[in-house]
Amino acid sequence: MNICVTGGAGYIGSFIVRQLVDAGHRVVVVDNLCKGHASAVDARAQFVLADCGDRTAMADLFRRQGVQAVVHMAAFSLVGESVTEPGNYYRNNFVASLSLIEAMLSAGVKRLVFSSTAATYGEPADQPITEEFATEPINPYGRAKLMVEQALADFVQAFEIGAVSLRYFNVAGALPDGSLGEDHDPETHLIPLVLAAAAGRRDRISIFGDDYPTPDGTCVRDYIHVLDLADAHVRAIDAAQPGALKVYNLGNGDGFSVRQVIEAAQGVVGRTIPTAVAPRRAGDPPVLVASSAKIARELGWEPRRGLEQILADAWAWHRSHPDGYAD
Ligand code: UFG
């Protein structure tokens with residue numbers, strides 16, 4: 001198929017592009033490089049520097065390239081920033097998605113895979129989280145992603161398009177040879193920061209709160225390898241059926257606390273990582289663990305890599321690219 005990946009120069013997008021090309025698809029990446037890295041884009045894909053929220057330009061590109069499916073990854077993804085800059089998040093993550101969907105409609109593109117998030121659930125009391133749980137996001141990031149899902153439910157009814165929304169839990173890891181990985185500025189995610197502390201590039205890793213109602217008092221998350229996550233997108237393209245919006249969680253189903261992640265990282269890197277307990281970070285739910293039973297049942301997807309592999313691959317990336325991508 002001819003597939004357009006928006007945000008294909010970003011961390012997760014770059015892995016999806018690679019796996020789509022491996023699966024035999026022809027891929028055109030659209031990215032405005034406000035966060036992404038041109039050098040992360042697979043050389044076998046075509047790269048177009050553009051804004052995916054530009055409806056006219058995107059419809060034109062879809063027609064010219066004969067695009068048959070869109071994987072929409074382009075988005076801002078910092079929960080804290082979404083609280084202080086809500087306008088940017090509603091505009092970039094919701095309004096731009098709406099324009100993109102309308103560009104698809106005008107060019108006759110019928111399949112969409114949408115990058116959604118566990119943040120759509122808010123702070124559920126029970127775990128593991130299934131897709132039937134109430135969606136009660138507690139920040140603009142989660143709300144904007146949920147708004148796109150809600151709009152998609154209306155669009156698939158009104159037009160003969162099919163959409164799959166994938167709700168990611170905590171994505172981490174890299175290619176095992178360290179050639180493709182995570183490079184955010186600023187970096188806020190636990191695993192890259194833990195490894196930066198392990199490498200001596202940061203003094204210590206701050207543990208944001210140790211008084212949560214969890215076994216060791218630190219927050220529990222479900223970490224999923226970016227390669228497993230990308231594999232689900234390849235399957236989701238085929239699963240998009242006209243008239244339906246399908247929603248799936250993507251996680252490993254295992255919860256690890258912040259302290260457990262640090263301990264596992266110490267085992268992988270073979271040295272002690274300095275830590276310091278810091279105040280809670282606003283908006284962090286105590287526990288988020290996915291049930292991915294639905295996507296296993298319906299699409300035959302199962303994660304194949306656990307926390308140790310995630311850490312080992314992220315470490316390989318960190319050692320070979322201590323400063324991230326050259327650009
Ligand atoms: N953490 C620390 N110290 C740090 C960084 C993080 O203790 O220096 C903790 C956080 O408080 C949290 C856990 O490590 O408990 C994981 O934090 P991340 O920032 O790595 O990931 P989040 O769980 O906050 O965010 C992820 C995705 C978001 C998504 C969110 C849904 O990265 O895109 O889950 O809640 F919105």
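What you see is a predicted model; the values in this text were computed from it and never measured.
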[X] and [Y]: which non-hydrogen atoms are nearest, and at how many Å?
{"X": "Asp183", "Y": "His37", "result": "O-NE2, 2.9 Å"}
{"X": "Asn249", "Y": "Ser292", "result": "O-OG, 3.6 Å"}
{"X": "Leu307", "Y": "Ala264", "result": "CD2-CB, 3.9 Å"}

(message) Assess whether a salt bridge exists between Arg305 and Asp228, defined as any Lys/Arg side-chain N lying under 4.0 Å from an Asp/Glu carboxylate O.
(response) yes
(message) Please determine whether a side-chain nitrogen of the Lys or Arg among Asp60 and Arg64 lies less than 4.0 Å from a carboxylate oxygen of the Asp or Glu.
(response) yes
(request) Report whether Phe62 and Ile161 are members of the same hydrophobic cluster (ILVMFWY, side-chain heavy atoms less than 4.5 Å apart, transitive linking). (result)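 They do share one cluster, since a chain of ILVMFWY contacts under 4.5 Å joins Phe62 to Ile161.
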(request) Using the rule that two of Ile, Leu, Val, Met, Phe, Trp, Tyr join whenever any of their side-chain heavy atoms come within less than 4.5 Å, decide whether Phe114 and Val70 are in one cluster. (result)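 Yes, because Phe114 and Val70 connect within a single hydrophobic cluster, where side-chain heavy atoms sit under 4.5 Å apart.
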(message) Is the ring pair Tyr121/Phe169 parallel, tilted or perpendicular, if the boundaries are 30 and 60 degrees?
(response) tilted
(message) Check the orientation of Tyr325 and Trp317. Use parallel for under 30°, tilted for 30 to 60°, and perpendicular for over 60°.
(response)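 Rings of Tyr325 and Trp317: tilted, as their planes differ by 30° to 60°.
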(message) Under a 3.5 Å distance rule, please check whether Tyr89 uses its side chain to pair with a backbone N or O of Leu78 as donor and acceptor.
(response)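 Yes; judged by distance alone, with no hydrogens or angles, the pair exists.
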(message) Determine whether a donor-acceptor pair (N or O, by modelled atom type, separation under 3.5 Å) exists between the side chain of Lys145 and the backbone of Asn93.
(response) no
Show me the side-chain donor-acceptor pairs of residues 193-209 shorter than 3.5 Å, one per line, residues at least two apart or across chains.
residue	atom	partner	partner atom	Å
Arg201	NE	Pro322	O	3.4
Arg201	NH2	Pro322	O	3.4
Arg201	NH2	Asp323	OD1	2.5

(message) How long is the straight-line distance from CG of Leu166 back to OG1 of Thr117, given to the nearest 0.5 Å?
(response) 11.5 Å
(message) Would you compute the distance between atom CG of Asp313 and atom NE2 of His225 and round it to the nearest 0.5 angstrom?
(response)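 Going from CG on Asp313 over to NE2 on His225, the span is 3.5 Å.
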(message) Could you check, using the six-membered ring where one of them is a Trp, whether Tyr11 and His189 have ring centers closer than 6.0 angstrom?
(response)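 Judged by ring-centre distance (under 6.0 Å), Tyr11 and His189 do not meet the cut-off.
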(request) Measure from NZ or CZ of Arg167 to the centre of the six-membered ring of Tyr248 and say whether it is under 6.0 Å with the direction within 45° of the ring axis. (result) no
